[in-house]
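Counting from 1, the numbers follow the sequence of the chain as shown. This is a predicted model, so every value here is computed, not measured.
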Amino acid sequence: MIIVINVESQVILSGDVRMGSCNDSVTLREMFERGKIPPREVLLADSGYDCSGNEEIAVFRPIGRGGCYKSLERINLFLRWLFCRIIGLYDKRWIVETVFSAIKRNLLEEFR
């Protein structure tokens with residue numbers, strides 16, 4: 001399950017639920033291309049969404065493949081993440097976990 005949440009209001013803006021295993025980073029890109037993700041200033045995601053094509057959609061801490069950021073593209077991704085971290089925006093991702101917790105607590109039986 002992927003959900004897009006406004007971290008200020010804790011309102012779910014969009015979501016996608018699929019059966020079985022799927023690649024979350026590809027699903028995020030598909031949601032963006034279909035227009036299911038509303039216009040936003042910044043979309044924060046974890047490193048599980050780190051793949052080619054998502055760097056323009058979301059801000060995430062890029063994975064240091066090989067132990068460091070060697071390419072200019074990876075360095076730019078890291079600097080975007082670092083900026084969001086410094087201004088305190090990236091730390092608001094815990095709100096998403098809070099919403100997930102509420103969904104699981106209230107709707108777990110319906111999902112089963």
Side-chain angles (χ1 to χ4, degrees):
M1 173 170 48
I2 295 177
I3 57 174
V4 178
I5 296 172
N6 180 326
V7 294
E8 300 300 325
S9 64
Q10 297 185 14
V11 171
I12 298 173
L13 303 174
S14 182
D16 195 311
V17 179
R18 298 184 181 198
M19 296 296 289
S21 62
C22 66
N23 185 332
D24 288 342
S25 58
V26 173
T27 304
L28 179 70
R29 189 170 44 247
E30 289 172 359
M31 289 173 64
F32 182 75
E33 290 169 355
R34 287 190 311 246
K36 288 183 69 177
I37 297 176
R40 80 279 171 229
E41 294 176 16
V42 178
L43 179 67
L44 304 174
D46 61 23
S47 58
Y49 296 93
D50 180 8
C51 79
S52 179
N54 282 352
E55 58 273 351
E56 294 179 10
I57 299 172
V59 174
F60 47 83
R61 182 174 185 171
I63 301 167
R65 293 180 172 87
C68 64
Y69 305 110
K70 296 179 182 177
S71 72
L72 185 59
E73 177 186 325
R74 304 302 284 179
I75 292 169
N76 286 335
L77 289 174
F78 176 75
L79 292 175
R80 280 179 50 194
W81 169 81
L82 188 61
F83 176 75
C84 287
R85 181 77 188 234
I86 289 170
I87 65 172
L89 184 61
Y90 197 76
D91 295 332
K92 291 186 177 186
R93 290 183 327 114
W94 66 268
I95 295 171
V96 176
E97 298 302 327
T98 301
V99 173
F100 261 121
S101 176
I103 289 170
K104 289 177 184 176
R105 188 174 50 252
N106 294 317
L107 301 174
L108 186 59
E109 288 302 317
E110 281 76 9
F111 280 118
R112 290 186 183 165

Can you check whether [X] reaches [Y] side chain to side chain, under 4.5 Å on heavy atoms?
X     : Y     : result
Tyr49 : Ile2  : yes
Leu44 : Phe60 : no
Ile37 : Leu28 : yes
Asn6  : Ile12 : no
Ile75 : Leu79 : yes
Met31 : Val4  : yes
Tyr90 : Trp81 : yes
Leu43 : Ile57 : yes

Quick check for you: to the nearest 0.5 Å, what is the distance between [X] atom [atom1] and [Y] atom [atom2]?
X     : Y     : atom1 : atom2 : answer
Arg85 : Asp91 : CZ    : CG    : 4.5 Å
Asn23 : Cys51 : CG    : SG    : 6.5 Å
Leu77 : Ser71 : CG    : OG    : 8.0 Å

Requested in this report: Answer yes when Asp50 and Arg74 have at least one side-chain N-carboxylate O distance shorter than 4.0 Å, and no when they do not.
Outcome: yes

Requested in this report: Answer yes or no: is there an ion pair linking Glu8 with Lys92, defined by an N-O contact shorter than 4.0 Å?
Outcome: yes

Does [X] belong to the same Ile/Leu/Val/Met/Phe/Trp/Tyr cluster as [Y], with side-chain heavy atoms less than 4.5 Å apart forming each link?
X     : Y      : value
Val11 : Ile95  : no
Val7  : Phe100 : no
Val99 : Val17  : yes
Ile3  : Trp94  : no

Query - From CA spacing to verdict: side chain to side chain contact (heavy atoms under 4.5 Å, CB included), Leu89, Val42 - result: CA-CA 9 Å; Leu89 184 61; Val42 178; 3.8 Å; yes

Query - Any residue meeting salt bridge (charged side-chain N to carboxylate O under 4.0 Å, His left out) with Asp46, in chain and number order, not counting sequence neighbours - result: none

Requested in this report: Quick one: list whatever passes salt bridge (charged side-chain N to carboxylate O under 4.0 Å, His left out) with Arg80, sequence neighbours left out.
Outcome: none

Query raised in the report: For Glu97, what residues pass the side-chain hydrogen bond (donor to acceptor under 3.5 Å, both in side chains) criterion, not counting sequence neighbours?
Result: none

Requested in this report: Please check if the side chain of Lys36 supplies one atom and the backbone of Gly15 the other of a donor-acceptor pair under 3.5 Å.
Outcome: yes

Query raised in the report: Between Tyr69 and Phe78, is the ring centre distance below 6.0 Å?
Result: yes

